[in-house]
Amino acid sequence: MSSNDSLARLADVIESRKPANGGDPDKSYVSRLLHKGPDAFLKKIGEEATEVVMAAKDVDHGADKSKLVYEVADLWFHSMVALAHYGLTPADVLTELERREGTSGIEEKALRKVVARTAEEGAP
Ligand SMILES: N=c1c2ncn([C@@H]3O[C@H](COP(=O)(O)OP(=O)(O)OP(=O)(O)O)[C@@H](O)[C@H]3O)c2ncn1[C@@H]1O[C@H](COP(=O)(O)O)[C@@H](O)[C@H]1O
């Protein structure tokens, strides 16, 4: 089973939990988050990102790596709730990563600077 399959399966479950699809905020954590609206799940994303940073620093100081995996899973999960709210799927993110495949970050950043400079020079 590929990891793409698990992401796609989870995305389907999240979709089914939307209040418009019959999700019940009393029974489902995802429905509750979606029902509360963007502020609720965006706050969770901020918290989970911080927890990822803290778990990584703990690994630097000798802690077990499993806590880092756990926190990244929380971050991915809450990000997927946000994607669903905005009508996007993990496939959209994977497509973007595939588009970037083989382009060095250094090269991409240099290109962005050239584009910005050209735009500035062309500006009235
Ligand atoms: N992957 C997850 C998942 N990861 C984390 N969580 C929940 O995310 C919540 C927030 O995590 P925290 O560590 O911040 O816990 P907390 O302090 O209780 O959080 P809050 O009080 O701030 O909400 C916890 O209640 C976790 O159980 C998840 N809840 C659901 N899923 C998946 O979503 C599916 C649908 O879930 P329901 O909509 O609840 O049926 C499930 O079958 C799972 O596959």
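Below, each value reflects all heavy atoms present in this structure, side chains not excepted, and no hydrogens, waters or symmetry copies. Atoms within each ligand, like the ligands themselves, are counted from 1 in listed order.
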Quiz item: Looking only at distance, does Arg17 have an N or O less than 3.5 Å from an N or O of ligand 1?
Solution: yes

Quiz item: Is a side-chain N or O of Ser31 found less than 3.5 angstrom from the main chain of Arg17, in a donor-acceptor match?
Solution: yes

Quiz item: In the single-linkage hydrophobic clustering (I, L, V, M, F, W, Y; side-chain heavy atoms under 4.5 Å), do Leu42 and Val53 co-cluster?
Solution: no

Self-check item: Region of Ile14 engaging ligand 1 - heavy atom pairs below 4.0 Å
Solution: neither

Practice problem: Pull out every atom of ligand 1 sitting under 4.0 Å from any heavy atom of Lys44, numbered as shown with elements. | Solution: 10 (C), 12 (P), 14 (O), 19 (O), 20 (P), 22 (O)

Quiz prompt | Heavy atom of protein closer than 4.0 angstrom to atom 9 (C) of ligand 1 | solution = yes

Quiz prompt | Pair Thr89-Asp92, side-chain donor/acceptor within less than 3.5 Å | solution = yes

Quiz item: Quick one: does atom 32 (C) of ligand 1 have a protein heavy atom under 4.0 Å from it?
Solution: yes

Quiz prompt | Glu47-ligand 1 polar pair, N/O distance under 3.5 Å | solution = no

Quiz item: To the nearest 0.5 Å, how far apart are CG in Leu7 and CZ in Arg9?
Solution: 9.5 Å

Quiz item: Where's the contact between Phe77 and ligand 1, heavy-atom distance under 4.0 Å: side chain, backbone, both or neither?
Solution: side chain

Quiz item: Hey, is atom 12 (P) of ligand 1 under 4.0 Å from any protein heavy atom?
Solution: yes

Quiz item: For atom 38 (O) of ligand 1, what's the nearest protein heavy atom and its distance?
Solution: Ser28 OG, 2.4 Å

Self-check item: Working for side chain to side chain contact (heavy atoms under 4.5 Å, CB included), residues Lys109 and Ile106
Solution: CA-CA 5 Å; Lys109 192 168 179 174; Ile106 292 173; 5.9 Å; no

Quiz prompt | Per-atom contacts of ligand 1 with Tyr29, taking only distances under 4.0 Å to non-hydrogen atoms | solution = 7 (C), 8 (O), 9 (C), 10 (C), 23 (O), 29 (N), 37 (P), 38 (O), 39 (O)

Quiz item: By number and element, which atoms of ligand 1 are closer than 4.0 Å to a non-hydrogen atom of Asp74?
Solution: 4 (N), 5 (C), 13 (O)

Practice problem: Any atoms of ligand 1 less than 4.0 Å from a non-hydrogen atom of Leu10? List them with their elements. | Solution: 32 (C), 33 (O), 44 (O)

Quiz item: Side-chain heavy atoms under 4.5 angstrom apart, residues restricted to Ile, Leu, Val, Met, Phe, Trp, Tyr: same cluster for Met80 and Val69?
Solution: no

Self-check item: Per-residue contact class, Val30 against ligand 1 - non-hydrogen pairs under 4.0 Å
Solution: both

Quiz item: Does the protein place any heavy atom closer than 4.0 Å to atom 21 (O) of ligand 1?
Solution: no

Quiz item: Would you say atom 29 (N) of ligand 1 touches the protein, meaning some protein heavy atom is under 4.0 Å from it?
Solution: yes

Quiz item: Should Lys27 be counted as touching ligand 1, given the test is an N or O pair under 3.5 Å?
Solution: no

Quiz item: Among the heavy atoms of His78, does any lie under 4.0 Å from an atom of ligand 1?
Solution: yes

Exercise. Test salt bridge (charged side-chain N to carboxylate O under 4.0 Å, His left out) on Glu96 and Arg99 and set out the steps.
Key: CA-CA 5 Å; Glu96 173 60 16; Arg99 186 190 66 77; 2.7 Å; yes

Quiz item: Hey, is NE2 on His85 packed in by over 12 heavy atoms from elsewhere, all under 6.0 Å?
Solution: yes

Quiz item: Using 4.0 Å as the upper bound for N to carboxylate O, is an ion pair formed by Asp60 and Lys57?
Solution: yes

Practice problem: State whether Glu47 and Lys44 are salt-bridged, where the test is any N-O pair (Lys NZ or Arg NE/NH1/NH2 against Asp/Glu carboxylate O) under 4.0 Å. | Solution: yes

Quiz item: Any sub-3.5 Å donor-acceptor pair from Thr118's side-chain atoms to Val114's backbone N or O?
Solution: yes

Practice problem: Give the numbers and elements of all ligand 1 atoms closer than 4.0 Å to a heavy atom of Val13. | Solution: 34 (C), 35 (C)

